[in-house]
Visitor: 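Sharing a structure with you now.
Basis for what follows: all heavy atoms, side chains included, without hydrogens, waters or symmetry-related copies. Nothing fancy with the numbering, it's 1 onward along the sequence. First listed ligand is number 1; within each ligand, the first listed atom is number 1.
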Amino acid sequence: MSNITIAIDGHSSCGKSTLAKDLARALDYVYVDSGAMYRAVTLFFLENEVDPIDAPAVDKALDAIDIRFEKMDGQNHTFLNGENVEEEIRKMYISDYVSPVAAIPNVRRALVQQQRDLGKDGGIVMDGRDIGTVVFPDAELKIFLTADLDIRTRRRFEELMQKNIPSDLALVKQNLLERDHIDSTRSDSPLKKAEDAVVIDNSRLNREDQLKKVYLLAKERILKTTA
Ligand code: DC
């Protein structure tokens, strides 16, 4: 059976990573959370006071950043220069700062290169904003996930509550709106649907139904590439 590449893109907090993880598990594929990489770079910039508009400082910082993923107890953990930062990068102050950092062309260039290396053998599900358009334009299956803003806000709020991260519904909504705006309007690889992506609005789909839908699509594409 062939190992295909699956790209899942979409707006903030519409359940991309849940779907991508479920699908990777069902297919026994590797899952890569590209957003975690932008979050890790953002954490490094904040901790080291890197000014995003100081190009030489940005390049120096990028050379000093090593991002890796490790699976522990069935969960993916993000490591920044050897330190487990999985919990820290999910916090609101990172969400508030990540989109401007992700809009810096040299940051994108460095991370896209690493993402391509991670996916060079196929058998991968990667989620993000530009996976089907820029990172893997030849991916055999591209999904563009969307959901109503209020539903996304509620989901994100509940996720933060579950992680005991203090938040406020109105602030969460504002953050989603701002990130969607910056992510969709930046000049370098903005979030947009790839022409050949399958659009799924999961506002009224449960986790199992969503997985069934994409699993069938994936199996269909796998059969097509083996034929
Ligand atoms: O998926 P996420 O919310 O963890 O992503 C965090 C931010 O990183 C998001 O606001 C936009 C950016 N991002 C990006 O620009 N390109 C990607 N492939 C993934 C994330």
Side-chain angles (χ1 to χ4, degrees), residues 5-21 23-24 31-46 52 58 62 65 67 69 75-78 80 85-119 124-137 139 142-147 149 152-153 155-160 163 165 167 171-194 197 202:
T5 299
I6 301 174
I8 301 184
D9 290 302
H11 294 105
S12 292
S13 293
C14 59
K16 295 183 298 296
S17 60
T18 303
L19 176 61
K21 272 182 230 165
L23 184 61
Y31 161 63
V32 174
D33 174 356
S34 69
M37 300 170 82
Y38 289 96
R39 287 174 180 271
V41 169
T42 303
L43 176 63
F44 185 93
F45 277 23
L46 287 171
V58 166
L62 288 171
I65 291 176
I67 300 168
F69 294 107
Q75 305 284 339
N76 273 344
H77 287 256
T78 310
L80 170 64
V85 294
E86 186 56 37
E87 213 176 294
E88 200 62 27
I89 60 171
R90 306 295 162 189
K91 293 186 177 166
M92 220 34 209
Y93 77 98
I94 299 288
S95 300
D96 282 339
Y97 198 64
V98 62
S99 284
V101 172
I104 302 170
N106 282 8
V107 169
R108 302 207 68 81
R109 204 165 305 133
L111 293 191
V112 166
Q113 187 54 52
Q114 287 181 37
Q115 289 152 9
R116 288 186 179 144
D117 285 348
L118 288 167
I124 190 166
V125 184
M126 191 177 290
D127 74 325
R129 305 295 187 289
D130 61 340
I131 311 305
T133 50
V134 174
V135 181
F136 299 125
K142 299 177 188 177
I143 304 288
F144 191 86
L145 207 57
T146 106
L149 176 64
R152 290 193 280 133
T153 303
R155 285 179 187 160
R156 178 83 185 128
F157 180 73
E158 280 165 7
E159 189 189 323
L160 289 167
K163 290 182 179 164
I165 298 176
S167 62
L171 288 180
V172 170
K173 187 171 181 173
Q174 192 189 332
N175 172 263
L176 292 187
L177 273 170
E178 275 169 14
R179 280 204 286 151
D180 286 348
H181 178 72
I182 301 174
D183 296 343
S184 312
T185 56
R186 68 179 173 226
S187 57
D188 190 336
S189 36
L191 164 66
K192 63 171 194 261
K193 184 188 98 56
N202 70 9

Visitor: So which heavy atom in the protein is nearest atom 19 (C) of ligand 1, and how far is it from that ligand atom?
Guide: Ser34 OG, 3.3 Å
Visitor: Give the numbers and elements of all ligand 1 atoms closer than 4.0 Å to a heavy atom of Asp130.
Guide: 16 (N), 17 (C), 18 (N)
Visitor: Determine, step by step, whether Ser12 and Arg129 satisfy the side chain to side chain donor-acceptor pair (under 3.5 Å) criterion, reporting the C-alpha distance in whole Å, the side-chain angles of both residues, the deciding distance to 0.1 Å, and the verdict.
Guide: CA-CA 9 Å; Ser12 292; Arg129 305 295 187 289; 2.9 Å; yes
Visitor: What's the verdict on side-chain contact (heavy atoms from CB on, under 4.5 Å) for Leu149 and Lys173, showing C-alpha distance, side-chain angles and the deciding distance?
Guide: CA-CA 8 Å; Leu149 176 64; Lys173 187 171 181 173; 3.7 Å; yes
Visitor: So that I can tick it off, tell me whether Glu159 and Arg155 are bridged by a salt bridge, with the cut-off set at under 4.0 angstrom between side-chain N and carboxylate O.
Guide: no
Visitor: Can you name the atoms of ligand 1, numbered from 1 with element, that are less than 4.0 Å from a heavy atom of Arg39?
Guide: 2 (P), 3 (O), 4 (O), 6 (C)
Visitor: Please could you name the atoms of ligand 1 that Ser99 approaches to less than 4.0 Å, counting only its heavy atoms?
Guide: 10 (O)
Visitor: Applying a heavy-atom cut-off of 4.0 Å, say which part of Ile131 lies close to ligand 1: side chain, backbone, both or neither.
Guide: side chain
Visitor: Measure from the side-chain N and O atoms of Arg186 to the backbone N and O of Ala103, and report whether any donor-acceptor pair falls under 3.5 Å.
Guide: no
Visitor: Does Lys192, at its NZ atom, have more than 12 non-hydrogen atoms belonging to other residues, nucleotides or ligands within less than 6.0 Å?
Guide: no
Visitor: Answer yes if the side chains of Thr146 and Arg152 hold a donor-acceptor pair under 3.5 Å, and no otherwise.
Guide: no
Visitor: Closest non-hydrogen protein atom to atom 16 (N) of ligand 1, residue and atom name please, with distance?
Guide: Arg108 NH2, 3.0 Å
Visitor: Is the number of heavy atoms from other residues, nucleotides or ligands within 6.0 Å of CD (Glu87) greater than 12?
Guide: no
Visitor: In the protein, what heavy atom is nearest to atom 12 (C) of ligand 1, and what distance, to one decimal place, separates them?
Guide: Ala102 CB, 3.7 Å
Visitor: Just need the protein heavy atom nearest to atom 11 (C) of ligand 1, so name the residue and atom and give the distance.
Guide: Asp183 OD2, 3.2 Å
Visitor: Atoms of ligand 1 less than 4.0 Å from Gly128 heavy atoms?
Guide: 17 (C), 18 (N), 19 (C)
Visitor: Report yes or no: does Asn175 contribute a side-chain atom to a donor-acceptor pair with the main-chain N or O of Ser95 at less than 3.5 Å?
Guide: yes
Visitor: Any idea which protein heavy atom is nearest atom 3 (O) of ligand 1, and the distance to it?
Guide: Arg179 NH1, 2.8 Å
Visitor: Just to be sure I'm reading this right: ignoring hydrogens, which of Gln115, Arg129, Arg186 gets closest to atom 5 (O) of ligand 1? Compare them by their nearest heavy atoms.
Guide: Arg129
